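Following: one structure in structure tokens, then a few remarks.
Given the structure is predicted, the values throughout are model-derived calculations rather than measurements. Along the sequence shown, residues are numbered consecutively beginning with 1.
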Amino acid sequence: VGSVPLPPLQERLAAAERDAESGGPDPQGRMQDTHYLGSHQWDYLRGLARMAGVYDTVMENRIATNKAIYDRSGKERKGMAPGGEDLYRETRFRRIDEERSYEILHSKIKPKEKV
């Protein structure tokens with residue numbers, strides 16, 4: 001795979017400064033969210049894969065499976081009582097990248113299922 005030269009140092013420093021002051025992707029102006037991509041992370045990963053020259057169907061399937069697992073874990077987490085046990089952390093998945101899906105192998109929250 002080829003390589004892409006980095007922009008000049010001053011350009012990279014200016015971009016870093018703009019990013020640090022942007023307040024994150026959503027909502028704007030929250031400095032503490034600058035590092036948090038949330039739902040923006042999937043397109044960001046696709047862009048990185050394209051830059052690296054490794055974006056293809058296999059990579060897209062992997063990203064889509066990651067998103068499916070992330071979304072499921074988020075639903076479990078949001079359903080937990082504040083200060084309660086973090087049972088969602090014990091859920092175990094088997095990835096099915098070709099189907100952009102997963103199977104739940106273990107969960108104290110829901111019975112085994114394939115999505």
Side-chain angles (χ1 to χ4, degrees):
V1 184
S3 63
V4 177
L6 292 173
L9 176 60
Q10 286 308 113
E11 191 176 322
R12 293 187 315 232
L13 290 172
E17 185 69 28
R18 283 191 307 275
D19 184 50
E21 293 176 359
S22 72
D26 196 28
Q28 290 295 320
R30 285 180 43 91
M31 177 59 78
Q32 63 269 37
D33 292 340
T34 300
H35 70 286
Y36 178 72
L37 290 173
S39 63
H40 302 277
Q41 67 186 298
W42 314 115
D43 286 336
Y44 178 73
L45 289 171
R46 288 178 184 99
L48 290 177
R50 284 186 185 102
M51 266 193 269
V54 297
Y55 183 79
D56 58 11
T57 302
V58 172
M59 179 62 71
E60 179 55 38
N61 289 348
R62 182 159 186 83
I63 292 170
T65 302
N66 285 350
K67 181 182 183 310
I69 292 170
Y70 173 89
D71 290 345
R72 170 56 188 254
S73 296
K75 285 179 186 172
E76 288 186 350
R77 181 180 50 79
K78 291 172 186 164
M80 306 301 298
E85 289 186 83
D86 290 342
L87 296 178
Y88 74 94
R89 293 177 186 263
E90 297 183 33
T91 301
R92 300 295 174 255
F93 300 91
R94 181 176 71 84
R95 302 176 61 89
I96 310 171
D97 287 349
E98 312 76 45
E99 297 177 19
R100 299 179 179 189
S101 187
Y102 57 85
E103 177 183 5
I104 295 178
L105 302 175
H106 169 80
S107 176
K108 291 186 176 182
I109 298 172
K110 293 252 183 187
K112 291 182 184 178
E113 67 180 69
K114 184 177 172 182
V115 202

Ring pair (Phe, Tyr, Trp, His ring centres under 6.0 Å) partners of Y88, counting only residues at least two apart: none
K67: what forms a salt bridge (Lys or Arg N to Asp or Glu O under 4.0 Å) with it, not counting sequence neighbours? D71
Quick note, salt bridge (Lys or Arg N to Asp or Glu O under 4.0 Å) partners involving residues 3-17, not counting sequence neighbours, are none
Would you give the length of the straight line joining atom CZ of R77 to atom CZ of R89, rounded to the nearest 0.5 angstrom? 9.0 Å
Output all residues satisfying side-chain hydrogen bond (donor to acceptor under 3.5 Å, both in side chains) with D56, sequence neighbours left out; order by chain, then residue number. none
Would you be so kind as to tabulate the donor-acceptor pairs closer than 3.5 Å made by side chains of residues 41-50, with sequence neighbours excluded?
from : atom 1 : to  : atom 2 : distance (Å)
Q41  : NE2    : G38 : O      : 2.9
D43  : OD1    : R46 : NH1    : 3.0
R46  : NE     : E60 : OE1    : 2.7
R46  : NE     : E60 : OE2    : 3.4
R46  : NH1    : W42 : O      : 3.4
R46  : NH2    : E60 : OE2    : 2.9

Restricting to side chain to side chain contact (heavy atoms under 4.5 Å, CB included), what partner residues turn up for N61, sequence neighbours left out? T57, D97, R100
Before you tell me yes or no, could you show the steps for F93 and L105 under side-chain contact (heavy atoms from CB on, under 4.5 Å), namely the whole-Å CA-CA distance, both residues' side-chain angles and the distance that decides it to 0.1 Å? CA-CA 5 Å; F93 300 91; L105 302 175; over 6 Å; no
Could you list the residues that satisfy side chain to side chain contact (heavy atoms under 4.5 Å, CB included) with E98, not counting sequence neighbours? I96
Output the rest of the hydrophobic cluster of L9: all Ile, Leu, Val, Met, Phe, Trp and Tyr residues reachable through side-chain heavy-atom contacts under 4.5 Å, sorted by chain and number. L13
Hey, quick one: are I63 and Y70 part of the same hydrophobic cluster, counting side-chain heavy atoms closer than 4.5 Å, chains of contacts allowed? yes
For L87, enumerate each residue passing the side chain to side chain contact (heavy atoms under 4.5 Å, CB included) test, keeping only those at least two apart in sequence or located in another chain. M80, E85, E90, K108, I109
